[in-house]
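Below you'll find the structure, written out as structure tokens, and then a few comments.
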Amino acid sequence: MAHIIELPTRSDSRGSLTVLEKVLPFEMKRLYWIYDLNDEARGKHRHKQTWQALICLQGKCEVVVKKHQHEEIFILEKPNEVLLLEPDDWHEMRHFQGQPILLVAASHFYDANDYIKEPL
Ligand code: TYD
């Protein structure tokens, strides 16, 4: 099931630096980011093969995750937290605040045939 992983961060008088290495259970093949968001929810699908890792670099959003009639809501608002989504974790991103920038690392190249709209 989806879960949040806290990433190591080095903070000093100059600011903070967060590292994403050796924590994802997949090799990253694709990186994309979502921004300029409005009131419309995004996502609302799961994948056949693709693992994804979401980081909210700026702002705040909710990620609803559904699988086997179980629903969990994750709040993403810290740039040192990554939400790991398994392929069959149906997810919806919503309730955007503070001009979010959502960075997504994916295990596979983009393929429209890898999408499934209904939760498992
Ligand atoms: P979509 O999957 O609907 O975004 P979200 O899951 O955030 O709701 O993708 C929006 C558009 O971008 C759609 O036309 C497919 C395209 N797209 C790519 O070309 N490459 C990608 O890596 C992704 C994620 C989407």
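Basis for what follows: all heavy atoms, side chains included, without hydrogens, waters or symmetry-related copies. All ligand and atom numbering here is 1-based and tracks the order in the structure.
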Rounded to the nearest 0.5 Å, the CG atom of Asn80 sits from the CG atom of Leu17 at a distance of 11.5 Å

Filtering Tyr115, Phe109, Trp33 for the heavy atom nearest atom 1 (P) of ligand 1 leaves Tyr115

Quick note on ligand 1: atoms under 4.0 Å from a heavy atom of Gly43 include exactly 5 (P), 6 (O), 8 (O)

task = Report yes or no: do Met93 and Met1 belong to one cluster of Ile/Leu/Val/Met/Phe/Trp/Tyr joined by side chain heavy-atom distances under 4.5 Å?
result = yes

min-distance protein heavy atom vs atom 17 (N) of ligand 1 -> Tyr110 CE1, 3.8 Å

**Asked** Any non-hydrogen atom of His45 lying under 4.0 Å from ligand 1?
**Response** yes

_Regarding Asp88 and Arg46, does a basic nitrogen lie under 4.0 Å from an acidic carboxylate oxygen?_
no

Under 4.0 Å from one or more heavy atoms of Arg30, ligand 1 contributes atoms 21 (C), 22 (O), 23 (C), 24 (C)

| task | Check whether the side chains of Ser107 and Thr50 place a donor and an acceptor atom closer than 3.5 Å, and report yes or no. | result | no

Within 4.0 Å of some non-hydrogen atom of Ile34, the atoms of ligand 1 are 7 (O)

Practice problem: Taking atom 5 (P) of ligand 1 as the reference point, report whether a protein heavy atom occurs under 4.0 Å from it. | Solution: yes

Shortest non-hydrogen pair, Leu24 vs Ala105, comes out as CD1-CB, 4.5 Å

Could you see if Val63 belongs to whatever hydrophobic cluster contains Phe96? Use Ile, Leu, Val, Met, Phe, Trp, Tyr and a side-chain cutoff under 4.5 Å. yes

Of all protein heavy atoms, the one nearest atom 7 (O) of ligand 1 is Arg42 NE, 2.8 Å

Practice task
May I ask whether atom 11 (C) of ligand 1 is less than 4.0 Å from at least one protein heavy atom?
Solution key: no

Interatomic distance, CD@Gln52 vs OH@Tyr32, rounded to 0.5 Å, equals 3.5 Å

| message | Strictly inside 4.0 angstrom of atom 20 (N) of ligand 1, do you find any protein heavy atom? | response | yes

